Structure formats: C-alpha cells, structure tokens
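When reading the values below, keep in mind they use all heavy atoms of this one structure, side chains included, and skip hydrogens, waters and symmetry mates. Below, chains carry the letters A, B, ... as their sequence lines are ordered, and counting in each starts from 1. A quick note: this is a predicted structure, and the numbers were derived from the prediction, not measured.
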Amino acid sequence: MLEIKFVRQNLSHVQKALQNRGDAADLQTFKHCESQRRNLLKESEALKHQRNVASQQIAQMKKDGQNTDTLTTEMRDVSGRIKLLDSALKKNEAEIESILSRLPNIPHQSTPIGANETENPVVKQIGQPTKFNFDPLPHWSVGRQLKILDFERAAKITGARFPLYFGAAARLERALINFMLDIHIGEHGYLEVLPPFIVNRQSMTGTGQLPKFEEDLFKLHESDYYLIPTAEVPVTNIHRDEILDENQLPIYYTAYTPCFRSEAGSYGKDTKGLIRQHQFNKVELVKFVKPETSYEELEKLLANAEEILIRLELPYQVITLCTGDLGFSAAKTYDIEVWMPSQGRYREISSCSNFESFQARRANIRYKTTGKKGTSYVHTLNGSGLAVGRTVAAILENYQQVDGTVLIPDALQPFMGGMQKISDGT
RNA sequence: GGAGAGAUGGCCGAGCUGGCUGAAGGCGCUCGCCUGCUAAGCGAGUGUGGGGGUAACACUCCACCGAGGGUUCGAAUCCCUCUCUCUCCGCCA
C-alpha cells in the first residue's frame, strides 16, 4: 500500500508510475475523498474538543452542587452530531482504503519501462544450454517411463494439475528441499522457519494478495482461512503489527512450504508436467531490512537463489521484469529462468523482489532507531530459493540420458543416500 | 466438546463502586551527575497513529487500555458481540 500522504502530495508522479505498469488508476476519486476526509475530521475533532471541555466542567459543577441540565442537554446534541460525522468519516475512510489497497507499488527507477514480458531485459546467462545427441524428452515423459511421476492417478485422486511422485522422484523432491535449506541456513545466514500453511485474511492483505487477487487463492469453506500461495505470506506476516528494534535488522528467514494456487486464467498453459500445478513445494527466502540497504540486499538474495542452480549445474539466465510485467507489490523483480531442453527455452524457477515499504505499510511492520523519535517502515524482500517442482523438472530434462535414465547432480547425491542415477521407479 | 479465568504502555503490574488516569508503581532504555574498575546511588526524560501548525523544530488538538458496537454530558472502568490466551475435564494425531 502506498502512503496516503505520499499519494496526496505526489499525485501526478503516482499516476505516471502506474501508467507505466499499464494500470489506469482512478486518482481523482481518491483526491476528492481525501480532502473530504480532512474536512470531516477537522469538524469532528473540534466538536470532541468542545465535549471534552464541557465534561470537565460538568464534573466540577456537580462537585460544587450546581445544576448541569442546560449543559448536559447541549452536549447531548453535540454528541449526536459527532456520531453522524464519525460514521460519515468511517465510510469515507473505507473508500480511501479500498482505493489505496488496490493501487500497486511504484516501480523502482532501475526497473525498465516496458509493456509486457517480451520486453524484460536479460541480465546474464550462466552455463550453456544442455547439448544432447538425441532428442530430449519432456520431463513428464521421462518421469512416466521411469514410473516416478503419475499425473493420471493424481487427477483421479484430486483433479488436474496435481502432482504424484513415486520412489526416486519423491526422494529427489525431498532431497532438494533439504539441499536448498541447508545451503541457505548454513552458508547464507538465514533462519529456518516452518510456518502455518493456512493463513487468515489479514495476512493475505498484508502481503498484497488480497483484496485484489482473491480468485488466485484457495479459500477454505465458510471460514476466513486461505491456503498459502507462497511462504512469503506467513513468513512476512511473522512481524505484522510489530515495531522491531534497529539492531534486530536485517532479518533473514528461509522456509519450506507447499504452495497452493488456483491458477485461474491459465487454462491451456503448461497443462502437462510439473511446471504449473495447483500444489507445489517451494523453499522461500524472506528478508526484513533497513530501507537504505534494500537494493544491496536484493542483489544478495538473487545471488543466494542462483547459488542453488550453480551447485546443481543447471544452465540459467536472469532477467529483470519490466514495468508492464512487474507484480502488484514489487518495486523491482529479478526472475531466474532455468533451461528446459524439451521446450528449447528458459523457464522461471525463481522470482526475487524488493517490495520496499509497500508490504510493510500494509502489514504495519516498522522499526525504531535508538535515540531517534518515531518509527520507520522496514523494507521487505523475498525470493524463491527455489521452486522445488520446477527444479525436479529441470533435473529430469537436463540430466536425462539416451537410455532413459537420469543422472543425479553431484551436489545432490549425498542427499539421495549416494544415489548417482535414477534408472527405475525405486 | 464442557466448565471457569483473563487480555492495560518495550516488559511486569495497579486501576475496573464511571469524571484532574495517556494511564500509579517497578523493570528496561536514553541523557546528565557521581564514582579506582564493575556494581550501586542521584536527577531528568522515555508510546503509537492522525489533524492543524512550522523551512524544520516548537506548539496544539483528536484518537488509542485485545477488536467492534451500545449506554452516558462523560467509559480502561457498565452492557452486548467477536477474537485470542490460560486453567480444569473429556476426546484425539
């Protein structure tokens, strides 16, 4: 959420920034509501002051044994008017809140201006696309032949877009989770967190999924609970409504969680395989930092996520999302894309973003500097480190052999009980 | 699921027979004094959000004692609803 004062004082700047995103915001309504709010507030507060003074007076008069009927009657009217003004104010503030909570973040100056995903510049490419002396199969075929992935039965159990792993694939998924977490906690300084996988509405609002993106979420029947679409939600909300101490920062958390997404509107896209599922596993990285360090921290976060791909020896590239492709809450985002041989192109496997104070304002996460008056909002960042299902897909594709077996990356073998190759379903 | 207790400032903890209580007292923290060192001691200060005001301070007003509503001239204090926590019983991975 953008700050009300900031929007008021920088109306045209905000308008322009949102246009770059392709978001036509109705800031005229905001402007009108906002000035109305201040008028109502002024009037109501003046009356409350009057009432406070009179109440003191009544107390004193009663003590002195005087009759207070006149003043009491007068104040009854004043209270009535306050009630009316306050209810108008409440309606007014709800409208402002509704407008503000639907405004996306303002892109950082280093975010390239562009219309859509075709205009995302490539920052770097690491490794060469894997070479094969045969036609590489898509990972779902590799998985089916090895009897380690079974999408048909998953569809029977639940429905389309759910995964069912057996044997070496199940173990590979679990090994990757441990591999990623161990690196992040052991080498990158993150604290491991195992959060709830179901959160309430407030948490979803805090990180920006609500109110605008309700249709992307799974909501639990007749409750205020939602399945998390990413660990970002529960982990960022750990510090909701808290005032942190300056010397607690920066805070680094990493969490493994399953993620649940309705994928509304993506029918027909990536219908096969592990790329786009309603349920997938992810190891997430989340940071709470001081504003002046947040862009430096974004680069480090990106490097932490890249490290996983480097160790797995998977070819990848990094792109910067342009304004037209940037997510709602982010000011700047890097996507890491891994090489998928069967598709002959790079596919997203991680998304690393700086939200600046956008989420912190929504979730009310502040910090206090010792010796300084007041509080400031922290900057929050997060990134996948990495999406596990897509990593499995990438390994199955990039490490497949002509005989249908799949080699296991060296770095991962210790996490697979020393297994070097997947050659059957066990 | 049944019965009961509770939710107050960074923390602990009074107030809860309505009115000088934004909130006693303590701890912590900050600054100053004192002091061979450390500790102790002494003094002052120390919440958040919003409106007005200012170049910026100052200053001033309003709100906030789990959340929302009600009663009242006036509510941390009385009433209702909700949320959460704790204790006991039952059930259970």
Is the A:Y253 to A:H184 ring centre distance short of 6.0 Å?
no
Is the shortest side-chain N/O distance from A:N52 to OP1 or OP2 of B:rA63 below 4.0 Å?
yes
Hey, which of these two, A:R38 or A:I58, hits RNA chain B nearer its 5' end, going by closest nucleotide?
A:R38
B:rU71 OP1/OP2 closer than 4.0 Å to side-chain N/O of A:K83:
yes
Have A:Y334 and A:E299 got a donor and an acceptor in their side chains that come within less than 3.5 Å?
yes
For nucleotides B:rC64 and B:rA56, find the distance between their P atoms and express it as a whole number of Å.
29 Å
Whole angstrom value for the distance that separates C1' of B:rG49 from CG of A:L41:
11 Å
Of B:rU48, B:rA63, B:rG51, the nucleotide closest to the side chain of A:K48 is B:rA63
Looking only at atom P, what distance separates B:rC29 and B:rA23, rounded to whole Å?
23 Å
With a 3.5 Å cut-off and no angle check, do the side chains of A:N281 and A:Y256 form a donor-acceptor pair?
yes
It should be established whether A:K368 places a side-chain nitrogen or oxygen under 4.0 Å from OP1 or OP2 of nucleotide B:rC29.
no
Rounded interatomic separation in angstrom, taking CD from A:Q248 and C1' from B:rG10:
11 Å
Identified pairing partner of B:rA55, criterion: Watson-Crick or G-U wobble below 3.5 Å:
none
Which whole number of Å gives the distance between the P atom of B:rG2 and that of B:rA63?
40 Å
Rounded distance (Å) that lies between atom P of B:rG49 and atom CG of A:D241:
12 Å
When you measure from the side-chain N and O atoms of A:H49 to the phosphate of B:rC62, is any distance below 4.0 Å, counting only OP1 and OP2?
yes
OP1 or OP2 of B:rC73 versus the side-chain N and O atoms of A:R76: is any pair under 4.0 Å?
yes
Is the shortest side-chain N/O distance from A:T375 to OP1 or OP2 of B:rG49 below 4.0 Å?
yes
May I ask you to verify if any side-chain N or O of A:R51 is less than 4.0 angstrom from the OP1 or OP2 atom of B:rC62?
no
Check the angle between the aromatic planes of A:H278 and A:F218 and answer parallel, tilted or perpendicular using the 30° and 60° thresholds.
perpendicular
What does B:rG45 pair with, Watson-Crick or G-U, if both distances are under 3.5 Å?
B:rC29
With both distances kept under 3.5 Å, what pairs with B:rA5, Watson-Crick or G-U wobble?
B:rU85
Looking only at N and O atoms, is any donor in the side chain of A:E45 or the base of B:rG50 less than 3.5 Å from an acceptor on the other one?
yes
Flag the pair A:F6 / A:V14 as yes when at least one side-chain heavy-atom distance between them is below 4.5 Å, and no otherwise.
yes
Does any nucleotide pair with B:rG36 by Watson-Crick or G-U wobble geometry, both distances under 3.5 Å, and what is it?
none
Using the ring centroid of each side chain, check whether A:F328 and A:F358 are separated by less than 6.0 Å.
yes
Interatomic distance at P, B:rU38 relative to B:rC31, whole Å:
15 Å
Would you mind reading off the distance between A:E34 atom CD and B:rG51 atom C1', rounded to a whole angstrom?
11 Å
Run the ring-centre check on A:Y295 versus A:H379 and record whether the distance is less than 6.0 Å.
no
Looking at B:rU21, which nucleotide sits across from it as a Watson-Crick or G-U wobble partner, both distances under 3.5 angstrom, or is there none?
none
Let's go through A:S294 and A:N354 carefully: what are the C-alpha distance in whole Å and the side-chain angles of both, what is the deciding distance for side chain to side chain donor-acceptor pair (under 3.5 Å) to 0.1 Å, and is it a yes or a no?
CA-CA 7 Å; A:S294 70; A:N354 185 356; 2.9 Å; yes
Could you check which of B:rG69, B:rG51, B:rC73 has an atom nearest any side-chain atom of A:S55?
B:rC73
I'd like the C1' distance from B:rG26 over to B:rG19, given in whole Å.
28 Å
The side chain of A:A59 is closest to which nucleotide in this list: B:rG19, B:rG51, B:rC84?
B:rG19
Rounding to an integer number of Å, can you tell me how far A:N92 CG sits from B:rG51 P?
13 Å
Touch class at under 4.0 angstrom, heavy-atom based, for A:R8 against every strand present
sugar-phosphate
When rounded to whole Å, the CD1 to C1' distance for the pair A:I243 and B:rG10 reads 9 Å
So does A:T72 get a side-chain nitrogen or oxygen closer than 4.0 Å to the phosphate oxygens (OP1/OP2) of B:rU72?
no
Quick one: A:R366 CZ to B:rG50 P, roughly how many Å, whole number?
9 Å
B:rA39 to B:rA44 separation - P atoms, rounded to the nearest Å:
22 Å
Rounded to whole Å, please give me the gap between CG in A:D224 and C1' in B:rC82.
12 Å
Quick one: on RNA chain B, does A:Q56 or A:Y377 contact a more 5' nucleotide (nearest heavy atom)?
A:Q56
May I ask you to say what A:L71 touches in the nucleic acid, namely base, sugar-phosphate or nothing, with a heavy-atom cut-off under 4.0 Å?
nothing
